[in-house]
Amino acid sequence: MLKTKNVITLFCLFLFLGATSFAKECVIEKKNQSRLKHHQKKLENIASLNDGNRASGTSGYEKSKNYIVCKLKKARYNITVQEFEFPFFAENSDPKFEQISPESVIYPPSSDESFYTMIFSAAGSVEGLIEPVDVTIPAAEKANTSTSGCEATDFDSFTSGRIALIQRGACYFSDKVRNAQDAGAVAVIIFNEGQEGRTDAISGTLGPNSDIIVPVIFTTHEIGKALYESYISGKEVKVKINIDVTNEIRVTQNILAETKQGCDKTKVILGGHLDSVLDGPGINDNGSGVSAILEAALQTLYMNYWPIKNKICYAFWGGEELGLLGSTHYVENLTEEEKNNVAMYLNFDMIGSSNFVRFVYDGDGSEGSPAGPEGSREIAQFFLDYFKWKGYAAETTIFSGRSDYAPFMFVDIPVGGLFTGADEIKTEEQAEKYGGTAGEPLDP
């Protein structure tokens, strides 16, 4: 599908990676860094004025989108703003979980040692008696074996109007919750199964299911076990749960800016997600990639008189933090001809980690991940050769499927890109190569 040597042009290297030896018009690398920081500061200011985040479906995302579109319009791009619906979920205030009897216990919210609201839980305030459903205490030796709440028949003797106490295990959380609410449960407590590595509370998801109508929390194995043991000892165990969330369908957008020059049949897409999580401004994840892609697009102005061989599309995705929604929507709406015309997709997500490693996505599977589609190896080698030429250390990393290259991979479009690390721990060898602190996360 890909004739790599004919597609990766010097202008991509010149424009995106900051090479300075090809034309006098190119600003020096130091000035490039200043421009990138300027864009990042703008995104940070937008977040600070909009509840501290730039998440899809919020005013922070809307203002971020406007900033990108305004810059691209001034650069005279052909711009498409692609809208799509998505399931929005946010906690409006801290959840509350309290045992009222046989003793009073107030559990701290949003903690691995206590409980979390399940993502896509319904809102509600409920007080009532708990009733365990097919619980296995002590936990089975093998994980993912508890079938607690997995079948509707598990609730044959369940008392309508009570709060179901269900153990994590062999089926989807959403299946457990649907069975519970169908049996008359007014809320659901899911607790971790109990094996090694499955004891803490987690922030799990019920999926974007509009049919979940009761509050749902996830607690530690220890809390679930204590509630269960109080119940089987003959005590009436009463709890109170208060969940204040917004759970609705909203609209967000992708931004696509294409060069006027270049062949439509060999389109190169440079992409990164514009949205942050709800918990912060997302200036590394992914203001760093957004700023680099935007600046690459703006510097095309210096090269308008050059004959650009390939159509270039600069893409800013919405909804990545909710499951690669924007890039998936884009790819799923391409015709077969349009897919065939995409020569490659280059991804830039988290390229400003403070304790960084200079990662290039592994195109040939040599790191142990699935190899990218044909042509991905050449993309990786292009980046590695560039860094070698510049005298910078670099290494490859796996395609984990956790960023916006994944939808392109699935339809056999060659992929590649850069990444400076997330929660991986920096090794001693990496600290010697890149500086920074060994034993600490690449992006704390």
Side-chain angles (χ1 to χ4, degrees), residues 7-20 22-46 54 60-83 252-264 266-275 282-283 286-318 320 326-327 330 341-349 351-352 404 417-418:
V7 174
I8 304 184
T9 59
L10 280 179
F11 114 94
C12 283
L13 181 153
F14 166 88
L15 197 62
F16 189 77
L17 295 171
T20 61
F22 295 110
K24 293 180 180 179
E25 290 83 354
C26 184
V27 294
I28 63 173
E29 288 185 11
K30 188 173 182 180
K31 192 168 183 180
N32 281 340
Q33 292 173 7
S34 175
R35 292 185 180 196
L36 297 180
K37 290 179 180 179
H38 172 77
H39 298 314
Q40 291 170 336
K41 187 64 178 176
K42 288 291 186 180
L43 295 173
E44 184 178 41
N45 289 343
I46 286 169
R54 300 181 302 101
Y61 187 85
E62 181 70 14
K63 297 295 192 299
S64 299
K65 179 203 73 176
N66 292 345
Y67 175 72
I68 300 297
V69 170
C70 179
K71 288 289 186 181
L72 294 171
K73 279 185 176 179
K74 288 181 179 179
R76 299 186 298 279
Y77 276 94
N78 294 324
I79 300 171
T80 300
V81 177
Q82 185 182 48
E83 288 196 343
T252 193
Q253 301 85 18
N254 295 325
I255 305 165
L256 307 161
E258 291 191 351
T259 55
K260 292 181 170 66
Q261 299 183 66
C263 177
D264 286 323
T266 52
K267 182 184 292 186
V268 177
I269 303 177
L270 283 69
H273 69 91
L274 180 57
D275 63 316
I283 301 308
N286 180 40
S288 59
V290 165
S291 298
I293 296 165
L294 176 61
E295 188 57 28
L298 298 180
Q299 288 195 26
T300 304
L301 286 172
Y302 293 103
M303 300 168 61
N304 277 341
Y305 59 90
W306 281 29
I308 297 175
K309 181 171 184 177
N310 312 293
K311 180 76 72 177
I312 309 298
C313 175
Y314 300 96
F316 304 85
W317 309 118
E320 189 271 354
S327 54
Y330 173 80
N341 287 346
V342 178
M344 69 179 72
Y345 172 73
L346 305 178
N347 194 67
F348 304 96
D349 184 0
I351 58 171
D404 289 302
L418 305 179

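- Within a 6.0 Å radius of NZ in Lys41, other residues, nucleotides and ligands contribute 12 heavy atoms or fewer.
- To the nearest 0.5 Å, atom OH of residue Tyr67 and atom CG of residue Leu294 are 6.0 Å apart.
- By the 4.5 Å heavy-atom criterion applied to side chains, Leu43 and Ser64 are counted as neighbours.
- Contacts of Lys63 classified as salt bridge (Lys or Arg N to Asp or Glu O under 4.0 Å), with partners at least two apart in sequence or in another chain: none.
- Of the possible donor and acceptor atoms, none in the side chain of Asn254 sits under 3.5 Å from a partner among the backbone N and O of Gln82.
- For the side-chain hydrogen bond (donor to acceptor under 3.5 Å, both in side chains) test, residues two or more places apart in sequence or in another chain that qualify with Lys65 are Glu62.
- Here Asp275 pairs with His273 under the side-chain hydrogen bond (donor to acceptor under 3.5 Å, both in side chains) rule; sequence neighbours left out.
- Remark: side-chain polar atoms of Thr259 are paired, donor with acceptor, to backbone N or O of Gln261 under 3.5 angstrom.
- With Met344 as the partner, the side chain to side chain contact (heavy atoms under 4.5 Å, CB included) test is satisfied by one option alone out of Val268, Leu270, Ile269: Val268.
- Side chain of Arg54 to backbone of Gly282: a donor-acceptor contact under 3.5 angstrom is found.
- The side-chain contact (heavy atoms from CB on, under 4.5 Å) search around Lys37 returns Gln40, not counting sequence neighbours.
- Within the 4.5 Å cutoff, side-chain heavy atoms of Tyr61 are placed close to those of Thr252.
- Side-chain atoms of Asn286 come within 3.5 Å of backbone N or O of Phe348 as a donor-acceptor pair.
- How far CD of Glu44 is from CD1 of Ile46: 11.0 Å, rounded to the nearest 0.5 Å.
- Side-chain contact between Val342 and Thr266: absent, with no pair of heavy atoms (C-beta onward) separated by less than 4.5 Å.
- No side-chain donor-acceptor contact under 3.5 Å links Tyr77 to the backbone of Lys260.
- Here the side chains of Tyr314 and Leu72 are not in contact, with every heavy-atom distance at 4.5 Å or above.
- The side-chain contact (heavy atoms from CB on, under 4.5 Å) check on Leu36 picks up Ser291, Ala292, Glu295, with sequence neighbours excluded.
- Taking every heavy atom of both residues into account, Glu320 and Asp349 meet most closely at OE2-OD2, 3.5 Å.
- Under the side-chain contact (heavy atoms from CB on, under 4.5 Å) criterion, Glu258 pairs with Lys267, Lys311, Cys313, not counting sequence neighbours.
- Using a 4.5 Å heavy-atom cutoff, the side chains of Ile79 and Lys73 are in contact.
- Under the 4.5 Å side-chain criterion, counting only non-hydrogen atoms from C-beta, Trp317 is in contact with Leu256.
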